[in-house]
Amino acid sequence: MVHPYHPLSGQEFELVSWCQAWGEDRVFFEDASGRVCSIPASWTDVAAPDPFVALAAGRSLFRFEDLRRLVALVRDLQSSPEGDGLTRACVRGIMS
């Protein structure tokens, strides 16, 4: 595991499988107790490093396109007549 915030970071496991699951590439492995677990392949050294992550080198946490989508989502939530008061209050809290 190479993702620095994962509790198994720095440990090595034998790869059981690598496939698409839950909309992303995931690796499956057996943990110390023999249970099959999975994590995103991008959190391991099995997958090639994400070019954005490599170039950002910790200086940027967000991609521009992801931030644009987030802004559009927040605007949609703010203007949605179906949105409940709690949703609008949460969005106001995020935006302030």
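Residues: numbered from 1 along the sequence shown.
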For Asp66, enumerate each residue passing the side chain to side chain contact (heavy atoms under 4.5 Å, CB included) test, keeping only those at least two apart in sequence or located in another chain. Arg63, Arg69

Co-members of Leu67 in a cluster of I, L, V, M, F, W and Y side chains, linked at under 4.5 Å: Leu61, Phe62

By the rule that ILVMFWY residues connect when side-chain heavy atoms come within less than 4.5 angstrom, directly or transitively, which residues belong alongside Val71? none

Nearest-0.5 Å distance that lies between atom CZ in Phe13 and atom CG in Leu8: 4.5 Å

Candidate pair Ile39 and Phe28, rule side chain to side chain contact (heavy atoms under 4.5 Å, CB included), full reasoning: CA-CA 7 Å; Ile39 59 172; Phe28 293 80; over 6 Å; no

Mind checking what makes salt bridge (Lys or Arg N to Asp or Glu O under 4.0 Å) contact with Arg68, not counting sequence neighbours? Glu65

Show every side-chain hydrogen bond (donor to acceptor under 3.5 Å, both in side chains) that has at least one partner inside residues 28-38, sequence neighbours left out. Arg26-Ser38, Asp31-Ser33, Asp31-Arg35

Between Val36 and Phe29, does the side chain to side chain contact (heavy atoms under 4.5 Å, CB included) criterion hold? Intermediate values first, please. CA-CA 5 Å; Val36 175; Phe29 61 96; over 6 Å; no

Do Pro40 and Trp22 have side-chain heavy atoms sitting under 4.5 Å apart? no

Can you name the residues that form a side chain to side chain donor-acceptor pair (under 3.5 Å) with Glu14, not counting sequence neighbours? none

